[in-house]
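Written below as structure tokens is the structure these notes are about.
Sequence lines set the chain letters: A, B, ... in the order given, protein chains first and strands last, and positions in each chain run from 1.
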Protein chains: 2
Amino acid sequence: MKKRNIPSVTVNRLCIYHRCLENIIKTEDKKEPLFISSSEISALTGINSAQIRKDLAYFGQFGKRGIGYLAINLVKELEKILGLDKKWSAIIVGAGNLGKALARYRGFRNRGFLIKGIFDKDPLKIGKKIGHISIYDIKEVEKFIRDKNIDIGVLVVPAEFAQEVADKMVAGGIKAILNFAPLRLSLSSEVRIHNVDLSLEFEELTYYLSK
Amino acid sequence: MKKRNIPSVTVNRLCIYHRCLENIIKTEDKKEPLFISSSEISALTGINSAQIRKDLAYFGQFGKRGIGYLAINLVKELEKILGLDKKWSAIIVGAGNLGKALARYRGFRNRGFLIKGIFDKDPLKIGKKIGHISIYDIKEVEKFIRDKNIDIGVLVVPAEFAQEVADKMVAGGIKAILNFAPLRLSLSSEVRIHNVDLSLEFEELTYYLSK
DNA sequence: TAGATTGTTAATCGATTAACAATC
DNA sequence: TAGATTGTTAATCGATTAACAATC
């Protein structure tokens, strides 16, 4: 369904358009069908309107000339494009502070991400629960991924263990990894890796502060 | 000290070079002065070596032709450039799961970020502590920032309160905001805003998964 | 000196934006 | 029809990379 060679900045912006439309629809009167133009989205997001039309054009023609886009329709198209119309199963590896916080994060469930389990190597944590999600032994992670057909692994272990844990997840057949560990994982190119590097965010910030 | 018009992707990569060098120095024998070439950094980071030299050239000439860069020297230069040679004071606003997890995150202290306080509006939380950091009433945040000269505010409140809390921080004279709330803050351009949007990370991931 | 690598210029590549014909 | 806005092409802008003189 998806064409190749879509710039990743475009995918990024599609997520922004999606959120923007969600907000508009939420606050709007539902009686009238709501149309929205690329320049209105531009005003709300700060993204150039030609950019918006071009980003959408990668995937089809969703607007009506002279009128704009039917908001509820465009939202649905974006959800199809971004895979937000499906459920995704995920696990969290690492039951530290951040891992536990992510397990409780409501934003995930809202987006169709179902956290099926948390994994850790600490015997004191194994068997406990975070909310309604159980903490399992990291030794079981490969089998768990395979048996339960887990799509996404959220990696929240210290940097020194990240690579070996990632290898286990790949062995189990994980499809994507959201990596919070501050290092570059080297894995087979089959697996999609997204890095969320909080330290780098901070370092960039201080660069701009020390100008 | 800093020139304007440095692309933000360059700043991003400087952080990566810095971490890369830290790792190399950590694992290397300290007897010999360690020289490293742009192509070695390239091999470790996956970034083109000309790119690396060009990024560094924005800030000065740090290498020796025919030899490369003296690792400990380059690390120090990068720390100067990125403002990592200074201490920065920060607060966390929002003592939810993520806020508490960030308060405990060791990576911050290691980088010279000192968390001076956590703020929340929940009377049950105010007065408690996360580790050694106290939770204060959100009403005091403006005065606290002003009195203690806080540089960075980490914003971890629900989206619907994010704008008003950000306004308070700006009123107190905050210099930068690290925003975890899923929305675009509108603030005076004096304040540096960095957005860390976990939902968007997930949405991008599912785009690539549903190909 | 010969070999290696920087710093920098010039060429390439890709992404953004302006402009406009098509059309609602 | 007149006004508005899309979809798309062409122009612009900026970032990446190749190439190479300078030089250790």
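Atom CD1 of A/Ile52 and atom C1' of D/dT5 are 13 Å apart (whole Å). Atom NZ in B/Lys64 sits about 10 Å away from atom P in C/dG7, given to the nearest Å. Going from atom CD1 of A/Ile41 over to atom C1' of C/dT17 covers 17 Å, rounded to whole Å. Residue B/Ile67 contributes atom CD1, which lies 10 Å from atom P of C/dT5 at whole-angstrom precision. Rounding to whole angstrom units, CZ of residue A/Phe35 and P of D/dT6 are separated by 11 Å. Summarising the geometry, the separation between CD on B/Glu40 and C1' on C/dT6 is reported as 14 Å, rounded to the nearest angstrom. The CD1-C1' distance, from A/Ile47 to C/dT17, rounds to 14 Å in whole Å. Counting to the nearest Å, the P atom of C/dT17 and the CG atom of A/Asp55 are 11 Å from each other.
Heavy atoms of other residues, nucleotides or ligands lying less than 6.0 angstrom from CD of B/Glu190 number 12 at most. Other residues, nucleotides and ligands contribute more than 12 heavy atoms inside 6.0 Å of the CD1 atom of B/Ile67.
Applying the salt bridge (charged side-chain N to carboxylate O under 4.0 Å, His left out) test between B/Asp151 and each of B/Lys116, B/Lys175, B/Lys86 identifies B/Lys175 as the sole match. Screening B/Ile118, B/Ile92, B/Leu102 for a side chain to side chain contact (heavy atoms under 4.5 Å, CB included) involving B/Ile130 leaves a single residue, B/Ile118.
Among the protein residues, B/Ser39 comes within range of no part of the nucleic acid, since none of its heavy atoms lies under 4.0 Å from any strand. Note on A/Ser38: only backbone sugar-phosphate atoms sit closer than 4.0 angstrom, heavy atoms only; bases stay farther off.
A cation-pi geometry, defined here as NZ or CZ lying under 6.0 Å from the six-membered ring centre and within 45° of its normal, holds between B/Lys121 and B/Phe161. Cation-pi geometry between B/Lys143 and B/Tyr136 is not satisfied (NZ or CZ under 6.0 Å from the ring centre, within 45° of the ring normal).
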Report summary line: Each base of DNA chain C marked ( ) or [ ] if paired in-strand (Watson-Crick or G-U under 3.5 Å), | if paired to another strand and . if unpaired gives ..||||||||||||||||||||||

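Formation of a donor-acceptor pair under 3.5 Å by the A/Ser42 side chain with backbone atoms of A/Ser38 is not found in this model. Judged purely by atom type and a 3.5 angstrom limit, A/Thr10 has no side-chain atom pairing as donor or acceptor with the backbone of A/Ile6. For the pair A/Arg111 (side chain) and B/Glu203 (backbone), a donor-acceptor distance under 3.5 Å is absent.
Looking at which nucleotide of DNA chain C each of B/Ile36 and A/Gly66 is closest to, the 5′-most match is held by B/Ile36.
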Please list each protein N or O that sits under 3.5 Å from an N or O in nucleotides 8-15 of chain C, with the distance.
from: C/dT8; atom 1: OP1; to: B/Gln61; atom 2: OE1; distance (Å): 3.3

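Applying the 4.0 Å criterion to OP1 and OP2 of D/dG7, one finds that A/Tyr69 has a side-chain N or O inside that range.
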